[in-house]
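Working notes, beginning with the structure itself.
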Amino acid sequence: QKEVEQNSGPLSVPEGAIASLNCTYSDRGSQSFFWYRQYSGKSPELIMSIYSNGDKEDGRFTAQLNKASQYVSLLIRDSQPSDSATYLCAVKGNTGTASKLTFGTGTRLQVTL
Amino acid sequence: EPEVTQTPSHQVTQMGQEVILRCVPISNHLYFYWYRQILGQKVEFLVSFYNNEISEKSEIFDDQFSVERPDGSNFTLKIRSTKLEDSAMYFCASKALETQYFGPGTRLLVL
């Protein structure tokens, strides 16, 4: 069973701080990794994708990938109250182009004023 | 910006009834997916669909479930005889390259 593990939180950070969200995965053959944001009662919304080892930055968001350690992280700089949501780590399977996403349980982030 | 749409947004049904959940994927996408999320749990894969056939399905996707792309734009999920445990949010997703884009979901409640 291929697993994606996340700390469920809640992770509480003050406004303006850096939020650090972590994810580990079990399938060493995985090649594509995604962070989605999900507000309560809403659908997953793509934040970042990352495919190569290292960092990828997009605005206030930085995704980090370490395939040797099977570890993906998401940093949110200058956290805002609107960032309060559940962040889902998703890993694409390696059964082909149509491969499914396997999701973690998500980390709930609370940005406090 | 193009987006995945789903109807209905909410569906209440009696146990044993058939339901059809509808999705309109983004128009140039070729890969289509259904996921579900039981309240408080993680998003779970149900089925993927490409080139008018199922590519992959999960253990959840048993004989009570079926998918169809009836007219080149809609993508449907049918549950033949609903059970209480089918109550969940059902998300349709589509993709062209690597990224799956999710629709707003259908909240299904089975009584």
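Quick note on labels: first sequence line is chain A, next is B, and so on, each numbered from 1. In what follows, every heavy atom counts, from backbone to side chain, and hydrogens, waters and symmetry copies are set aside.
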Residues 29-59 of chain B: residues contacting chain A (heavy atom under 4.5 Å, by number):
Tyr31(B), Tyr33(B), Tyr35(B), Gln37(B), Lys42(B), Val43(B), Phe45(B), Ser48(B), Ser55(B), Glu56(B)
Looking only at heavy atoms, what is the nearest atom pair of Ser43(A) and Pro104(B), with distance?
OG-CA, 3.8 Å
By residue number, those in residues 26-36 of chain A with heavy atoms under 4.5 Å from heavy atoms of chain B are Ser32(A), Phe34(A), Tyr36(A)
Counting only heavy atoms not in Asp63(B) (residues, nucleotides, ligands), do more than 12 fall under 6.0 Å from its CG?
no
Does atom NZ of Lys83(B) have more than 12 heavy-atom neighbours, drawn from other residues, nucleotides or ligands, at distances under 6.0 Å?
yes
Nearest 0.5 Å, please: how far is CZ in Phe102(B) from CD in Gln38(A)?
9.0 Å
Glu45(A) portion near chain B, given a 4.5 angstrom heavy-atom threshold:
neither
Listing request: all ring-ring contact (aromatic ring centres under 6.0 Å, His included) pairs with a residue in residues 37-63 of chain A, at least two apart in sequence or in separate chains.
none
Measure the spacing between CE of Met48(A) and OG1 of Thr99(B) and express it to the nearest 0.5 Å.
11.0 Å
Could you tabulate the donor-acceptor pairs under 3.5 Å formed by side-chain atoms of residues 100-113 of chain A, not counting sequence neighbours?
from      : atom 1 : to       : atom 2 : distance (Å)
Thr107(A) : OG1    : Asn7(A)  : O      : 2.4
Thr112(A) : OG1    : Val13(A) : O      : 3.3

OG-CD distance between Ser49(A) and Gln100(B), expressed to the nearest 0.5 angstrom
12.0 Å
Count I, L, V, M, F, W, Y as connected when their side-chain heavy atoms are under 4.5 Å apart, and connections chain through other members. Are Leu84(B) and Met89(B) then in the same cluster?
no
